[in-house]
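It should be emphasised that the depicted structure is a prediction, and the values quoted were computed from it without experimental measurement.
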Amino acid sequence: MEPPPERPRDSPSVADTAAEFLSLIGLKELEGCLFAERLAVVAVGASPRDEAQGQWWMAAQWAPYQQEGAPMQSCILVQTRFRGKHNGVLLSSSLKAYLTWQLETLEQEEQECLELTPHPTEKRTHFVSHEYGMTVTRTLQEGGAEPQCHSFSYGRARLRARLLEGASLLLLRVLARRRTMPPGLVFPAINSEGDLCTFSYSALGIQRQAVGSAETEVFVIRRAVRASSGAPSVWHSSFLPSGHLAQLMQIGAPVLMLLQDESILSKSGRFAPQLPFPKEPLEWDEDMELYSYFLDRKEELQLSHAAYLQQHPEVRALLSDFLQALLHQQPDDTISFAAEFFAHQRPVGSPFASTGAASPLPSSPAGPPPANSK
């Protein structure tokens with residue numbers, strides 16, 4: 001495995017300060033940051049009510065995670081997706097990250113697609129943590145050419161308190177809900193290319209911002225990504241008190257992401273939305289944004305269902321018992337038979353009561369770890 005080029009090590013104070021800050025984030029505080037949200041993609045300078053050119057979506061939730069040969073553990077799954085157009089070219093990107101509740105990255109994959117005709121380009125960067133550190137694999141696919149892959153690793157000593165993109169997005173929600181942060185907040189990090197860098201965060205204060213036809217107060221955070229060479233990438237994120245984004249903008253980019261759903265404001269008690277416009281028929285399977293939301297929601301539900309079955313292994317055993325009894329007795333009235341069968345089951349606290357069979361799934365829960373933190 002080819003080692004990465006040597007770069008100057010972080011000063012101990014940066015990693016130490018970052019590690020101390022992360023250690024003070026409590027489990028209950030993170031729980032309030034686990035939700036899904038959607039923003040509309042619009043051109044810079046457009047009105048908040050202008051037609052969207054795409055969609056940005058983010059969700060964070062508890063999920064099971066298991067590496068080969070390791071026990072299953074509960075972690076936080078962070079996902080984002082972006083779809084939009086620029087100069088008639090379809091752009092898309094996605095991120096999927098598994099994090100510990102201390103914001104350590106277990107695994108992350110980022111994907112970017114540029115659908116140029118006739119030579120579409122796809123770039124993937126995969127990060128996976130292991131006992132020796134972290135391995136980064138970059139893959140570039142251009143048109144029908146053979147994919148170009150490059151892998152390298154970082155030792156565990158260089159990963160202390162180091163953030164990746166998924167962890168940074170979740171940290172922004174924590175900072176937004178606090179509505180305060182210490183000055184000069186800097187974290188050692190790894191950027192989307194797999195290079196060592198720093199993420200710095202600073203508060204730009206409370207500002208007024210339009211959301212649809214309404215106006216509300218938002219807390220604005222500036223995040224700068226600085227690598228060893230080149231100009232920094234700077235993002236401005238505007239947050240509602242709930243931690244939901246009202247606006248996400250990369251300085252210098254031709255598009256930005258805006259919240260257009262005013263109902264989010266009513267949930268925080270800041271704004272009572274007007275009566276909605278009359279509904280219009282929508283052909284969702286032909287609408288790019290709606291179809292993208294359908295795929296996102298489908299994946300979100302699949303993860304939720306898998307997590308529930310992981311927490312309740314008795315469900316599969318119970319259904320297996322019922323089907324076995326149904327096929328064995330073959331009653332004419334299946335509904336009455338089902339009602340009688342389930343009426344005689346023991347309470348939920350006694351899993352596998354009907355057969356005493358072993359659970360077909362691992363017994364570790366997919367919910368949050370025990371609350372032994374702040």
Side-chain angles (χ1 to χ4, degrees), residues 1-23 25 60 63-80 93-113 121-142 145-171 186-201 223-233:
M1 185 178 296
E2 183 181 345
E6 283 296 320
R7 295 193 179 97
R9 293 181 177 271
D10 300 305
S11 62
S13 60
V14 173
D16 291 345
T17 303
E20 181 181 4
F21 186 91
L22 293 176
S23 70
I25 299 176
Y65 176 78
Q66 185 176 28
Q67 290 185 353
E68 184 177 356
M72 184 170 290
Q73 59 181 307
S74 179
C75 68
I76 298 175
L77 171 62
V78 176
Q79 295 176 281
T80 69
S93 65
S94 64
L95 176 144
K96 189 173 187 178
Y98 290 93
L99 315 173
T100 69
W101 67 274
Q102 295 91 354
L103 301 190
E104 177 186 355
T105 300
L106 300 171
E107 188 170 352
Q108 177 176 296
E109 181 167 274
E110 297 185 60
Q111 177 185 15
E112 296 180 9
C113 296
T121 301
E122 179 179 330
K123 181 172 66 174
R124 291 177 181 265
T125 309
H126 181 253
F127 307 81
V128 61
S129 180
H130 46 75
E131 60 178 319
Y132 303 108
M134 177 174 286
T135 298
V136 184
T137 302
R138 296 192 300 213
T139 306
L140 178 64
Q141 174 82 56
E142 296 181 302
E146 286 292 320
Q148 304 175 31
C149 296
H150 175 53
S151 295
F152 52 95
S153 297
Y154 293 110
R156 183 149 294 280
R158 308 192 76 181
L159 299 177
R160 182 168 180 258
R162 194 172 290 276
L163 297 182
L164 272 68
E165 185 66 19
S168 177
L169 291 170
L170 196 58
L171 176 62
V186 180
F187 290 84
I190 300 179
N191 64 17
S192 296
E193 300 296 325
D195 299 322
L196 299 182
C197 64
T198 61
F199 292 166
S200 62
Y201 304 84
R223 183 183 73 140
V225 180
R226 290 183 172 85
S228 58
S229 61
S233 299

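Evaluation of the side-chain hydrogen bond (donor to acceptor under 3.5 Å, both in side chains) rule for Glu110 yields Gln108, Ser192 as partners, not counting sequence neighbours. With sequence neighbours left out, Arg138 forms a salt bridge (Lys or Arg N to Asp or Glu O under 4.0 Å) with Asp195. In this structure, the side-chain contact (heavy atoms from CB on, under 4.5 Å) partners of Gln79, at least two apart in sequence or on a different chain, are Trp57, Leu77, Lys96, Glu299, Leu303.
Between His126 and Thr139 there is no side-chain heavy-atom pair separated by less than 4.5 Å. Cys197 is listed as a side-chain neighbour of Asn191, based on a closest heavy-atom distance under 4.5 Å. For the pair Leu159/Thr105, no side-chain contact is recorded, criterion being any heavy-atom separation below 4.5 Å from C-beta on. The shortest side-chain heavy-atom distance between Trp101 and Ile25 does not fall under the 4.5 Å cut-off. Using a 4.5 Å heavy-atom threshold, the side chains of Thr125 and Thr137 count as separate. A 4.5 Å side-chain heavy-atom check between Gln141 and Thr121 finds every atom pair outside the cut-off.
Classification of Arg160 and Glu104 as a salt-bridged pair fails, no side-chain N sitting under 4.0 Å from a carboxylate O.
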Assess whether side-chain contact (heavy atoms from CB on, under 4.5 Å) is satisfied between Glu122 and Gln111, documenting all intermediate values.
CA-CA 7 Å; Glu122 179 179 330; Gln111 177 185 15; 3.0 Å; yes
Candidate pair Met134 and Glu107, rule side-chain contact (heavy atoms from CB on, under 4.5 Å), full reasoning: CA-CA 9 Å; Met134 177 174 286; Glu107 188 170 352; over 6 Å; no
Check: Could you walk me through whether Phe187 and Val14 pass the side-chain contact (heavy atoms from CB on, under 4.5 Å) check?
Finding: CA-CA 7 Å; Phe187 290 84; Val14 173; over 6 Å; no
Verdict with reasoning, Tyr98 to Tyr65, per ring pair (Phe, Tyr, Trp, His ring centres under 6.0 Å): CA-CA 7 Å; Tyr98 290 93; Tyr65 176 78; 4.8 Å; yes
Any chance you could lay out the side-chain contact (heavy atoms from CB on, under 4.5 Å) test for Cys75 and Leu106, step after step, and finish with the verdict?
CA-CA 9 Å; Cys75 68; Leu106 300 171; 4.1 Å; yes
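Taking CG from Leu196 and OG from Ser228, the interatomic distance works out to 8.0 Å, rounded to the nearest 0.5 Å. Taking CG of Leu140 as the reference point, atom CD of Gln148 lies at 5.0 Å (rounded to 0.5 Å). To the nearest 0.5 Å, the span separating OG1 on Thr17 from CG on Leu22 amounts to 11.0 Å. In this structure, CZ on Phe21 lies 15.5 Å from CG on Asp16, to the nearest 0.5 angstrom. To the nearest 0.5 Å, the span separating CD on Glu109 from CG on Leu95 amounts to 9.5 Å. Note that CZ of Arg226 and CZ of Phe199 are 12.0 Å apart. Values are rounded to the nearest 0.5 Å.
The minimum heavy-atom distance linking Gly166 with Ala97 is given by the pair CA-CB, 4.1 Å. Looking at every heavy atom in both residues, Val78 comes nearest to Ala60 through CG2-CB, 4.2 Å. The two residues Ala161 and Ala15 make their nearest non-hydrogen contact at CB-O, 3.7 Å.
Side chain of Gln67 to main chain of Ser129: a donor-acceptor pair is present (N/O by atom type, distance under 3.5 Å, no hydrogens or angles). Side chain of Glu165 to main chain of Leu169: no donor-acceptor pair is present (N/O by atom type, distance under 3.5 Å, no hydrogens or angles). Of the possible donor and acceptor atoms, none in the side chain of Tyr201 sits under 3.5 Å from a partner among the backbone N and O of Ala224.
In the model, Thr135 has a side-chain atom that pairs as donor or acceptor with a side-chain atom of His130 under 3.5 Å. In this structure, a donor-acceptor pair under 3.5 Å is present between the side chains of Arg223 and Ser168.
Ring geometry for Phe152 versus His150: interplanar angle of 30 to 60°, hence tilted.
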